[in-house]
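Every chain is numbered from 1, with letters handed out A, B, ... down the list of sequences.
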Amino acid sequence: QLQLQESGPGLVKPSETLSLTCTVSGGSISSSSYYWGWIRQPPAKGLEWIGLIFYSGSTYYTPSLKSRVTMSVDTSKNQFSLSLSSVTAADTAVYYCARLISGSGSAFDYWGQGTLVTVSP
Amino acid sequence: QSALTQPASVSASPGQSITISCTGTSSDVGSYNLVSWYQQHPGKAPKLIISEVSKRPSGVSNRFSGSKSGNTASLTISGLQAEDEADYYCCSYAGSTTRVFGGGTKLTVL
């Protein structure tokens, strides 16, 4: 059974960089059948797609965050990561990592449990 | 890239049916049959319940069904049960490998 687990600091200061890692177990991140993504959810608000990364390192970001987001992948560790720079209180959210079926399937079929990141001095 | 539009809330009694709409544009919902739906219970991660507009993943109840017409996708839940009370989100492919979510709909089972 595939599992995804987010990890990283739960508290980040304003103007600093938020860094999270998603560890994939029970399956290989190096499959051409999937993309790996980040989605966030501010408290009491809806889901926001942040971006996707392919095992080859190709990345795709939402336009509104593109200038501050960097995603990377480490196939040797079966992990992928998210960096969000110059954070403000508006970046406070539960951050989820998820697997996206590529091709015609195109849905997020496995999700991590989510990790709350608070931006505060 | 704007969020897809969903009603903020819907409610119905057990046994009844409800439909949640998800309205996008000709750049996302209207151009691709790649709309998915997710169910999220409080404090939990979203769960995929519909992919490619109308396909149910293994293990998802056949009380859940999806459809699309033009720029609007819809999720229908029939025979409402108490356990269906949750937030529901649509998501669409929006070109160039990007995705966009709807604002979410809170379903209350009365």
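Taken together through direct or relayed side-chain contacts under 4.5 Å among Ile, Leu, Val, Met, Phe, Trp and Tyr, B/Leu75 and B/Tyr32 form parts of separate hydrophobic clusters. A/Leu100 and B/Val35 end up in different hydrophobic clusters when Ile, Leu, Val, Met, Phe, Trp and Tyr side chains are linked at under 4.5 Å. A/Ile101 and A/Leu52 fall into different hydrophobic clusters, where Ile, Leu, Val, Met, Phe, Trp and Tyr side chains are chained together by heavy-atom contacts under 4.5 Å. A/Tyr95 and A/Trp36 fall within the same hydrophobic cluster, where Ile, Leu, Val, Met, Phe, Trp and Tyr residues are linked whenever their side-chain heavy atoms come under 4.5 Å apart, directly or through other members. A single hydrophobic cluster is seen to contain both A/Ile53 and A/Leu20, as judged by linkage of ILVMFWY side chains at heavy-atom distances under 4.5 Å, directly or through other members.
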Practice item. List the steps, then state whether side-chain contact (heavy atoms from CB on, under 4.5 Å) holds for A/Gln113 with B/Lys44. Key: CA-CA 7 Å; A/Gln113 64 184 27; B/Lys44 299 295 187 182; over 6 Å; no
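Here B/Pro46 is the residue among B/Pro57, B/Ser36, B/Pro46 with the most heavy-atom pairs under 4.5 Å with chain A. Contact count versus chain B (heavy atoms, under 4.5 Å) is highest, among A/Trp49, A/Tyr61, A/Tyr96, A/Tyr60, for A/Trp49.
Looking at B/Gln6, neither its backbone nor its side chain comes within 4.5 Å of chain A, counting heavy atoms on both sides.
Among residues 85-108 of chain B, the residues having any heavy atom closer than 4.5 Å to a heavy atom of chain A are, in sequence order, B/Tyr89, B/Cys91, B/Ser96, B/Thr97, B/Thr98, B/Arg99, B/Phe101, B/Gly102, B/Gly103.
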